[in-house]
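What follows is one structure encoded as structure tokens, with my remarks underneath.
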Amino acid sequence: MDGKKRANIEIGALVDIVLKKDQRSGTLTRGHVKKILTNSPQHPHGIKVMLEEQNQVGRVQEII
């Protein structure tokens with residue numbers, strides 16, 4: 001599922017995100033959503049979230 005719409009993302013959902021440091025390479029990091037950081041209903045680069053695992057922050061690319 002697409003990670004560009006805030007309505008698709010729920011706390012605790014398993015997602016693949018791209019971290020800021022990995023934007024050039026496109027490396028994805030998998031984890032569970034702890035907090036949704038983007039307030040707008042959609043974002044062209046993906047909704048920004050914080051993961052429960054190590055409090056990593058990135059933009060959702062795909063919802064598992």
Side-chain angles (χ1 to χ4, degrees):
M1 195 182 310
D2 190 22
K4 295 180 181 180
K5 293 187 178 178
R6 193 175 194 275
N8 295 341
I9 301 169
E10 299 175 359
I11 303 297
L14 184 62
V15 295
D16 284 338
I17 67 168
V18 63
L19 302 173
K20 183 75 172 178
K21 67 182 179 86
D22 294 332
Q23 282 180 343
R24 285 182 176 256
S25 67
T27 304
L28 297 177
T29 303
R30 185 165 287 185
H32 295 89
V33 177
K34 178 179 182 179
K35 191 186 294 185
I36 301 173
L37 303 175
T38 300
N39 289 325
S40 63
Q42 58 190 18
H43 193 281
H45 301 295
I47 300 297
K48 191 179 280 189
V49 298
M50 178 183 289
L51 298 182
E52 292 174 4
E53 294 78 14
Q54 301 171 359
N55 289 334
Q56 295 174 312
V57 174
R59 295 197 180 272
V60 176
Q61 300 301 301
E62 192 164 350
I63 302 167
I64 309 302

> In the hydrophobic clustering (ILVMFWY, side-chain contacts below 4.5 Å, transitive), which residues join Val57, or is it alone?
Replying inline: Leu37, Met50
> Does any pair with a residue in residues 39-64 pass salt bridge (charged side-chain N to carboxylate O under 4.0 Å, His left out), and if so which ones, sequence neighbours excluded?
Replying inline: none
Pair up each side-chain donor or acceptor in residues 3-11 with any protein partner under 3.5 Å, not counting sequence neighbours, and list the distances.
residue, atom, partner, partner atom, Å
Arg6, NE, Thr38, O, 2.6
Asn8, ND2, Asp2, O, 3.4

> Is there any ring-ring contact (aromatic ring centres under 6.0 Å, His included) pair reaching into residues 16-42, and which pairs are they, with sequence neighbours excluded?
Replying inline: none
>> Taking ring-ring contact (aromatic ring centres under 6.0 Å, His included) as the definition, give me every residue that meets it alongside His43, ordered by chain and number, with sequence neighbours left out.
In response: His45
Listed pairs under 3.5 Å, donor-acceptor, residues 12-25 side chains, sequence neighbours left out:
residue, atom, partner, partner atom, Å
Asp16, OD1, Arg30, NE, 2.8
Asp16, OD2, Arg30, NH2, 3.1
Ser25, OG, Asp22, O, 3.3
Ser25, OG, Thr27, N, 3.4
Ser25, OG, Thr27, OG1, 2.9

>> If the condition is side-chain hydrogen bond (donor to acceptor under 3.5 Å, both in side chains), which residues does Asn39 pass it with, not counting sequence neighbours?
In response: none
> Say you draw a straight line from CD of Gln42 to CD1 of Ile47; how long is it, rounded to the nearest 0.5 Å?
Replying inline: 8.0 Å
> Which ring-ring contact (aromatic ring centres under 6.0 Å, His included) pairs, counting each pair once, include a residue from residues 2-29, with sequence neighbours left out?
Replying inline: none
